[in-house]
Amino acid sequence: MTKKTIKSIGMAVVALILMAGCASEPAIQLADGVVFPEAENFSTVINGKPTGLFTLENENGLRADITNYGGRIVSLIVPCKNGIFDDIVTGYHTIDEFLESEEI
């Protein structure tokens with residue numbers, strides 16, 4: 001996939017979540033091992049620019065965690081056919097992990 005395609009997919013996911021409406025604390029069942037990324041793990045300054053983590057969540061329990069460090073989708077919590085919510089993004093849960101992966 002090209003960077004443009006990945007960016008377009010990310011923008012579409014964000015748009016869908018926003019269109020579905022935002023709410024707090026949905027009553028959902030999470031799959032075992034689901035860990036939400038923490039905002040403090042993304043709060044830093046890189047090349048003079050502040051980074052952070054932004055969470056979008058709707059009333060149905062869909063949740064997206066996105067960092068402004070490259071607009072990366074850190075976590076996307078969605079339900080399976082049985083209604084159990086799981087994170088479908090495999091990746092990093094701290095800004096340091098992203099930075100270390102770029103050094104390789």
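For the numbers below, each heavy atom of this structure counts, side chains included, while hydrogens, waters and symmetry mates do not. All figures in this text were calculated on a predicted structure; none of them were measured in a lab.
For the atom pair CD of Glu38 and OG of Ser43, the computed distance is 12.5 Å after rounding to the nearest 0.5 Å. Atoms CG and CG, from Leu53 and Asn41 in turn, are 8.5 Å apart once rounded to the nearest 0.5 Å. To the nearest 0.5 Å, the span separating CZ on Phe42 from OG1 on Thr51 amounts to 8.5 Å.
Here the side chain of Asp96 pairs no donor or acceptor atom with the backbone of Leu99 at under 3.5 angstrom. A distance-only check finds a donor-acceptor pair linking the side chain of Glu97 to the backbone of Thr94 [under 3.5 Å]. A distance-only check finds a donor-acceptor pair linking the side chain of Asn68 to the backbone of Pro50 [under 3.5 Å].
Here the side chains of Ile77 and Ile88 are not in contact, with every heavy-atom distance at 4.5 Å or above. Taking the side chain as every heavy atom from C-beta outward, Leu56 and Ile66 approach each other to under 4.5 Å.
With Pro79 as the fixed residue, the side chain to side chain contact (heavy atoms under 4.5 Å, CB included) test singles out one of Leu62, Ile28, Ile84, Asn60: Leu62. For the side chain to side chain contact (heavy atoms under 4.5 Å, CB included) test with Val89, the passing option among Asp65, Leu76, Val74, Val78 is Leu76; the others fail.
A 6.0 Å sphere centred on CZ of Phe98 holds more than 12 heavy atoms belonging to other residues, nucleotides or ligands.
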Side chain to side chain donor-acceptor pair (under 3.5 Å) evaluation trace for Asp87 with Ser75: CA-CA 6 Å; Asp87 189 351; Ser75 176; 3.0 Å; yes

Trace of the side chain to side chain contact (heavy atoms under 4.5 Å, CB included) decision for Val34 with Phe85: CA-CA 9 Å; Val34 172; Phe85 284 72; over 6 Å; no

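In this structure, Arg63 forms a cation-pi arrangement with Phe36, its terminal cationic atom sitting closer than 6.0 Å to the ring centre and no more than 45° off the ring axis.
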